[in-house]
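Residue numbering restarts at 1 for every chain, and letters A, B, ... go by the order of the sequence lines.
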Protein chains: 2
Amino acid sequence: MTLTRDQVEDTALAILTRFGLADLSMRRLARELDVQVGALYWHVKNKQELLVGVAARLLNGLDAGNQPGCSAQGDAPSTGGPTRGAPQDQASGRAAVAGLATGIRAALVNVPDSAEVIQVAQSLQPGSLAPLNRLRAMLAAAGIENPTWAQHLVMNHVLGSIAAAQESARLAAVDPTAAAVPLGDDAFDWGLRVILDGLFGDAAA
Amino acid sequence: MTLTRDQVEDTALAILTRFGLADLSMRRLARELDVQVGALYWHVKNKQELLVGVAARLLNGLDAGNQPGCSAQGDAPSTGGPTRGAPQDQASGRAAVAGLATGIRAALVNVPDSAEVIQVAQSLQPGSLAPLNRLRAMLAAAGIENPTWAQHLVMNHVLGSIAAAQESARLAAVDPTAAAVPLGDDAFDWGLRVILDGLFGDAAA
DNA sequence: ACCTGAACACCGTTCAAGT
DNA sequence: ACCTGAACACCGTTCAAGT
């Protein structure tokens, strides 16, 4: 079988998940695929472009209507046109944003250095990650005046929290004495609530 | 003259400021100092420890009471004990936090990749950056229930905004056609206002 | 105490040449 | 079209040996 771009991205994601970004080198990737390094550059322009693909894979499960918190939807949701504002937009808009932000975090928190990978993709090719576009659309639909700024505000919290949690876990693994502050799921939830309070004016606290 | 740790950190900061983190290698640093690479490792344990020193230098101007927004203070501020809550703590606490966050951003925004450097220092040696401790102390004094979480919430916005602004500037320098969204000072101010609204309950909007 | 010289084990990227 | 072999120009870190 000949090498495929999908195989390259799959193996890259596997290395990232098991060993982190420091071990995800083009040479290590080639070794894992039983191939010479140069072969990778026929399927991928460079390492950054590869990371954009890996970032997309990380958030792949968030594309359809399967974010946690909403039990079942996405097949035939509404009867009218989708462009009209629903009746309870203030509260349900906030809940939808919270659900998607929590889902993005859940998809990334167990993959080492995933926050860095997403940030590279976001800066190198903005707009290429569908769930982040959906987040912005949700914020716009909920009446937020500047949805792009709000998207970045929420994502900075999501990615910053993930990086901090993973770093504190990395420290605890090396030196179990300095337990410090957990900075886990509850810290994320608290911060998300603060941001949504500021965005939506405390309506659904 | 013999080499000094201060010289090493000074030169490292100069390279970072002029050329960014990608150009701040130990070998480039040694070249700039007219010295062999190994010489650096007598003054510094490794590159990460060096970056912690560089991070401290980046925030050095924020140590005393000279943050912008508060015209003059820090000499003999109050008559009573410092542990008692002042009368207008809700509003002045919020203003103090906003001033320090804005000051931290101002100290970093013109240094390429400064957000990454601060994050490395913060994760490798938490508590070593005095202005971040002052930020947490301010939040505690203002009555925020979990000042550590709030400190990270604010700092994730500060550092995330800086990184996004520098990346969008880097893109605009290479490809001036895709102007995209500015993501500059006003985006930062707006996000900070949202966070403070959520933290302080809309009191001083 | 402080630094040199030289090595070790890596990187990302390119490219002629093969098939 | 797809891959090998080999090179180019780098990395961070260590360490005997010099002074």
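- When the P atom of dC2(C) is taken as reference, atom CD of Q7(B) falls 12 Å away, rounded to whole Å.
- For D186(A), the side-chain contact (heavy atoms from CB on, under 4.5 Å) partners two or more places apart in sequence, or in a different chain, are W149(B).
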Where protein sits on nucleotides 3-15 of chain C, one letter per nucleotide: B base, S sugar-phosphate only, - none, heavy atoms under 4.0 Å:
SBS-B---BBBBB
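- Residues L24(A) and V117(A) fail the side-chain proximity criterion, which asks for heavy atoms closer than 4.5 Å.
- Residue pairs satisfying the side chain to side chain donor-acceptor pair (under 3.5 Å) criterion with at least one member in residues 105-122 of chain A, sequence neighbours excluded, are listed as follows: R105(A)-D185(A), D113(A)-R170(A).
- Nearest heavy atoms, P131(B) versus L59(B): CG-O, 3.7 Å.
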One pair to check against side chain to side chain contact (heavy atoms under 4.5 Å, CB included): R94(A) and V97(A). What are the steps and the verdict?
CA-CA 5 Å; R94(A) 173 178 171 144; V97(A) 168; 5.9 Å; no
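- Within the structure, side chain to side chain donor-acceptor pair (under 3.5 Å) pairs that include any residue of residues 154-165 of chain B comprise H157(B)-S161(B) (at least two apart or interchain).
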Atom pairs, protein N/O to nucleotides 17-19 of chain D N/O, distance under 3.5 Å:
none

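- When all heavy atoms of V158(A) and I104(A) are compared, the pair lying nearest together is CG1-CG2, 4.1 Å.
- Under the salt bridge (charged side-chain N to carboxylate O under 4.0 Å, His left out) criterion, E167(B) pairs with no residue at all, not counting sequence neighbours.
- Every residue meeting the salt bridge (charged side-chain N to carboxylate O under 4.0 Å, His left out) condition with R28(A), not counting sequence neighbours, appears here in chain and number order: D23(A), E32(A).
- Partners of R31(B) according to the salt bridge (charged side-chain N to carboxylate O under 4.0 Å, His left out) rule, which considers only residues two or more places apart in sequence or in another chain, do not exist here.
- Checked against salt bridge (charged side-chain N to carboxylate O under 4.0 Å, His left out), D10(A) has the following partners two or more places apart in sequence or in another chain: R57(A).
- The separation of dA16(D) from dC3(C), taken at their C1' atoms, amounts to 13 Å, rounded to a whole angstrom.
- With a 3.5 Å limit on both pairing distances and Watson-Crick or G-U wobble geometry required, the stems of 3 or more pairs in DNA chain C span C:4-8 with D:12-16, C:12-16 with D:4-8.
- Residues satisfying the side-chain contact (heavy atoms from CB on, under 4.5 Å) test with A121(B), not counting sequence neighbours, are V52(B), A55(B), L129(B).
- Distance check: T148(A) OG1 to L183(B) CG gives 7.5 Å after rounding to the nearest 0.5 Å.
- Taking a 4.0 Å limit (strictly below) on heavy-atom distances, residues 118-125 of chain A does not reach DNA chain C anywhere.
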